[in-house]
Q: 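Before anything else, here's the structure in question.
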Amino acid sequence: MTVPDPAATPASVADAVAVQEELRSWVDLVGPGPAEPATVAGLDVAYAESGDLLAAAVTVLDARTLAVLDQAVSVGRPAFGYVPGLFAFRELPALLAALDRLTSRPELLVCDGHGFAHPRRFGLACHLGVVTGLPAIGVGKTPLIGTWAAPAAERGAWSALRDGNEVVGRVLRTRSGVKPVFVSVGHRMSLDNAVAQVLALTPRYRLPETTRTADRLCRDALAAARTAPPPERR
DNA sequence: GCGACAG
DNA sequence: ATCTTGTCGC
């Protein structure tokens, strides 16, 4: 009764911060998580330029062949303003709705954004992990917090992402000579395993195949939604 | 006080 | 995130 609904949308920035402070204790940062998951899900969201419409997508891939086995989308409106550090509240409702529409249960969630590498150690990947109870990792394209040394140029090279003296994630080179990505633990995963899974999902491109397939799906869903708007409700 | 700031 | 043209390179 005293635990807030982890999927509810806060009424203010202060409330949102309080929710994160409370939910962070539910995060499992040890894992180690599945070494060879059968299925891995990618989650992403696309926004209309107007900023009042979004489409969330989840794709479930065969972890071995990287073929898409299942997918689902959800169109809606951003649930919260864009505030760095409170990003999860914006996309969470739509992403959860899409997850509910899957016909399968993925063994790992790969989120487009950070997990533990967050000001309060509770980024989107942690939030999704705690709410779903599934192992989750965060893969960000740009940093939110932390300092790091440039990893070597070869694919697989990495360096620690630190916030002060604390290691909050890794800066990982997924393609030789290409800008690295920022990997951090979301839930029920070790950092080592998170990096291993990301490398397994990036045989050719900088971003995980999971993110790429989800990105295409939500973009297509958004385009379709703009062409045929959902019925008015009131 | 001044920047920085996932998507 | 999204808006945008050409351009360098495998």
Side-chain angles (χ1 to χ4, degrees), chain A residues 9 13 16-17 19-20 23-24 27 42-59 73-98 109-130 136-148 153-155 161-164 168-172 174-187 191 194 198 203-208 210-226:
Chain A
T9 297
V13 166
V17 170
V19 169
Q20 292 184 326
L23 293 180
R24 56 185 290 183
V27 176
L43 304 87
D44 192 23
V45 174
Y47 295 84
E49 65 284 359
S50 51
D52 59 357
L53 184 68
L54 62 71
V58 183
T59 53
V73 299
S74 172
V75 174
R77 300 172 65 84
F80 204 82
Y82 173 62
V83 181
L86 299 179
F87 177 62
F89 296 106
R90 191 168 171 74
E91 308 188 337
L92 203 61
L95 286 172
L96 290 176
L109 303 181
V110 178
C111 309
D112 190 31
H114 299 98
F116 191 68
H118 174 278
R120 287 170 293 283
R121 307 295 184 261
F122 196 72
L124 174 66
C126 298
H127 210 139
L128 276 167
V130 167
I137 63 180
V139 181
K141 297 181 287 294
T142 62
L144 171 59
I145 61 164
T147 57
W148 66 96
E154 297 68 41
R155 162 180 155 80
L161 175 62
R162 292 192 173 79
D163 186 21
V168 298
R170 277 182 200 168
V171 181
L172 176 70
T174 52
R175 277 198 74 188
S176 297
V178 174
K179 179 172 26 165
V181 297
F182 299 76
V183 180
S184 60
V185 170
H187 185 51
L191 185 52
V198 171
R204 177 164 183 183
Y205 300 102
R206 176 192 179 222
L207 298 179
T210 38
T211 298
R212 289 167 48 76
T213 53
D215 179 73
R216 282 193 309 172
L217 182 57
C218 62
R219 285 187 195 238
D220 291 347
L222 182 62
R226 293 190 55 182

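Here is the naming used below: chain letters follow the sequence lines, and residue numbers restart at 1 for every chain.
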Q: I need the minimum non-hydrogen distance between Leu222(A) and Ala48(A), along with the two atoms involved.
A: CD2-N, 3.6 Å

Q: What's the separation between atom CG in Leu124(A) and atom NE2 in His114(A), rounded to the nearest 0.5 Å?
A: 11.0 Å

Q: Could you tell me whether Ala46(A) contacts a base, only the sugar-phosphate backbone, or nothing, with contacts defined as non-hydrogen atoms closer than 4.0 Å?
A: sugar-phosphate

Q: How does DNA chain C read in dot-bracket, base by base from 5' to 3', with Watson-Crick or G-U pairs under 3.5 Å and | used when the partner is on another strand?
A: ..........

Q: Report, as a single string ordered 5' to 3', how protein heavy atoms within less than 4.0 Å touch nucleotides 4-10 of chain C: B base, S sugar-phosphate only, - not at all.
A: -------

Q: Can a donor-acceptor pair be found, under 3.5 Å and without considering hydrogens, that links the side chain of Arg206(A) to the backbone of Lys179(A)?
A: yes

Q: Could you tell me whether Arg216(A) atom CZ has more than 12 heavy atoms of other residues or ligands within 6.0 Å of it?
A: no

Q: Would you tabulate the pairs of protein nitrogen or oxygen atoms and nucleotide nitrogen or oxygen atoms of nucleotides 4-7 of chain B closer than 3.5 angstrom?
A:
| from | atom 1 | to | atom 2 | distance (Å) |
| --- | --- | --- | --- | --- |
| dA6(B) | OP2 | Tyr82(A) | OH | 2.2 |
| dA6(B) | O4' | His114(A) | ND1 | 3.3 |
| dA6(B) | N7 | Gly85(A) | N | 3.1 |
| dA6(B) | N6 | Gly85(A) | O | 3.1 |
| dA6(B) | N6 | Phe87(A) | N | 3.3 |
| dA6(B) | N6 | His118(A) | NE2 | 3.4 |
| dA6(B) | N1 | Leu124(A) | N | 3.1 |
| dA6(B) | N3 | His114(A) | N | 3.1 |
| dG7(B) | OP1 | Lys141(A) | N | 2.9 |
| dG7(B) | OP2 | Thr142(A) | OG1 | 2.8 |
| dG7(B) | O3' | Asp112(A) | OD2 | 3.2 |
| dG7(B) | N7 | Tyr82(A) | OH | 3.3 |

Q: Testing Asp44(A), Leu207(A), Thr59(A) one by one against Arg212(A) for a side-chain contact (heavy atoms from CB on, under 4.5 Å), which residue passes?
A: Leu207(A)

Q: Check whether more than 12 heavy atoms from other residues, nucleotides or ligands sit under 6.0 Å from atom CZ of Arg162(A), and answer yes or no.
A: no

Q: Looking at Phe80(A), is its backbone amide N or carbonyl O close enough to the side chain of Arg90(A) to form a donor-acceptor pair, meaning the two atoms are under 3.5 Å apart?
A: yes

Q: Apply salt bridge (Lys or Arg N to Asp or Glu O under 4.0 Å) to residues Asp112(A) and Lys141(A) and explain how you reach the verdict.
A: CA-CA 8 Å; Asp112(A) 190 31; Lys141(A) 297 181 287 294; 2.9 Å; yes

Q: Would Arg121(A) count as a cation-pi partner of Phe116(A), with NZ or CZ less than 6.0 Å from the six-membered ring centre and within 45° of the ring normal?
A: yes

Q: Answer yes if the ring centres of His127(A) and Phe89(A) are under 6.0 angstrom apart, and no otherwise.
A: yes

